[in-house]
Protein chains: 2
Amino acid sequence: MKSKQTASRKRPSVAEALAQEIFSGEYQPGDFVPREIDLCERFALNRSAVRSDLRQLVDAGIIERISGHGSKVREYSEWNILDAQVTEWMTRYAAPNPGVQREILAFRLDVEPYVAMTAAKHATAHDLVAIEEAFNGMGSDLDDPDSHNSGRLHSDYDIAFHVAIFKATHNIVWSQLSHILRPSILLLIETSNVSADDPAESLERHRLLMESIRARRPRDAFRASQAVLAGTASALGLEIPDTPLGHSAELLSET
Amino acid sequence: MKSKQTASRKRPSVAEALAQEIFSGEYQPGDFVPREIDLCERFALNRSAVRSDLRQLVDAGIIERISGHGSKVREYSEWNILDAQVTEWMTRYAAPNPGVQREILAFRLDVEPYVAMTAAKHATAHDLVAIEEAFNGMGSDLDDPDSHNSGRLHSDYDIAFHVAIFKATHNIVWSQLSHILRPSILLLIETSNVSADDPAESLERHRLLMESIRARRPRDAFRASQAVLAGTASALGLEIPDTPLGHSAELLSET
DNA sequence: ACGCTGGCATATGTAGAACATTTCGACAAG
DNA sequence: CTTGTCGAAATGTTCTACATATGCCAGCGT
């Protein structure tokens, strides 16, 4: 074998470790992370590798590098939450502060019925297959709950279901925005697991949403999506009527 | 003054030059850009700098690096248009293909009335000042058209006006999404300059939108925003009723 | 005593060389 | 025709050396 010790895993990944420490609150906005040389020693890496990883955090807007001084953690509001890497870290480790998490969820509640509406107009057969496969995954998970960890798999299918709807809009912006769903979906699932939400009812709401899109009925899809969100969001104490959609939804239902 | 020659420009910036060539269509999806060594020679830089710049393009999703082979331009749909750097390049150089540009505009037409609606609910006095300052800039530009380039300054104020509304939602996602406004606003302005759109009428529509937000009337802000978009979007041959907002707007006006 | 200035220590930024790894194609053996 | 091996070419990684920016503080002058 080669003399490298990389056999275990590719790299310790400084960015990953630092991200975990920052997300867990060990380093808070305004704090300075250890300097490059210390990170080199700690992870047994050269400076180039460390700097490369630090640049990831800079691109994510998480840290700010001050020449000749150090790397400072930036305010949460300055983090680039549209970056796919950031949302991935938010799913793996919980969001650092609940405020950001709640704002993302509020955004989702605002736009997702719209997305469902647009998907009902533009979805192709291929899109419907993707949606259905994700839905079936959610269903099989309900019927046959794995002993070790049922929620883990369920969340993957849940995410895939909603992402498929975003992609069915055939709009590049909506498609790429589907990244920010992951953290809030996981948050909803964790909370709904705590609360006494019937999984069967949730699944039925998802089914209605899927059928509305398949039948090309935008308004039904709009309302069905709202129902899906309301079912789980209520467990978080969030009030749907507070969002703009609350008003337009009522109006839509009158027609 | 400092001894730096930054007055002209900091660096030749390989990323900037390559981006221009890619956006102009000189390199198209599937093509391979010159290899690192050639870029080093062409820009008189070392490999570290070239690779650093190439990584920018990778993060933007514009190119894909294949180990031992080269750097390939990716499909337009894979470009990360949520990246601020990409939208900046789209404003400086035109978007490579009109399809992406149109989809971004469609997204804007979808959500911007919503954003205005939310801004009317959550805007603070500070936000209103920012909106008003941008609006005054647009107005002064109309009264006193600079001889050298009037459209250039006007677009800056126009962008600032809409960005201020996005930030007035006090939602981190909407705020950071304001990046994607820039390309489509510039597109609209260029097109409206060609068409015979009365600047005074456009300004009046913006004023109504501002007043609606100031008066905390979400529904008026919704419709005013639609009027602003419709005024310029019609010049592009885009049909507003095709968007989901078209329906809900009609419903809103009935109340 | 106060304030400015210069230099030293520290930390990040940049340049360049050397070596490792991956990919593809050529070519010969089976 | 298939397959194994070698080698050229390009990207990936590591390391060293030097450049630049920042903060601190002693030293000097007013």
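Throughout, a chain's letter reflects where its sequence line sits, starting with A, and its residues are numbered from 1.
Residue B/Gly68 is the one, among B/Gly68 and A/Ser67, whose nearest nucleotide of DNA chain D lies closer to the 5' end (criterion: closest heavy atom). Checking B/Glu36 against B/Ser48, the closest nucleotide of DNA chain D that is more toward the 5' end is the one next to B/Glu36.
Atom C1' of nucleotide C/dA17 and atom CZ of B/Arg51 are separated by 14 Å, given to the nearest angstrom. When the P atom of D/dT22 is taken as reference, atom CZ of A/Arg65 falls 14 Å away, rounded to whole Å. Taking atom CG of residue A/Leu54 and atom P of nucleotide C/dG13, one finds them 9 Å apart after rounding to whole Å. Rounded to a whole Å, the CD atom of B/Glu64 is 13 Å from the P atom of D/dT11. Distance CD1 (B/Ile66) to P (C/dG25): 12 Å, rounded to an integer number of Å. Rounded to whole Å, the distance from CG on A/Asp38 to P on C/dT10 is 13 Å. Summarising the geometry, the separation between CZ on A/Arg55 and C1' on D/dT13 is reported as 16 Å, rounded to the nearest angstrom. Rounded to whole Å, the distance from NZ on A/Lys72 to P on D/dG23 is 11 Å.
Taking the six-membered ring where tryptophan is involved, the planes of A/Trp174 and B/Phe107 are perpendicular, since the angle between them exceeds 60° and thus also 30°.
Across D/dT13, D/dA10, C/dA15, the shortest atom-to-atom separation from the side chain of B/Arg47 is found for D/dT13. For B/Arg35, counting side-chain heavy atoms from C-beta on, the closest listed nucleotide (C/dA15, D/dA10, D/dT14) is D/dA10. Nearest to the side-chain atoms of B/Asn46 among the listed nucleotides C/dG16, C/dC24, D/dT14 stands C/dG16.
For the 3.5 Å distance criterion, the side chains of B/Gln28 and B/Tyr76 fail to qualify, holding no donor opposite an acceptor. In the model, B/Ser184 has a side-chain atom that pairs as donor or acceptor with a side-chain atom of B/Arg108 under 3.5 Å.
At the heavy-atom level, B/Ile37 lies nowhere under 4.0 Å from the strands shown.
A salt bridge between A/Arg55 and A/Asp59 is present, with a side-chain N of the basic residue lying under 4.0 Å from a carboxylate O of the acidic one.
Annotation: A/Arg74, atom CZ; neighbour count of heavy atoms from other residues, nucleotides and ligands within 6.0 Å is above 12.
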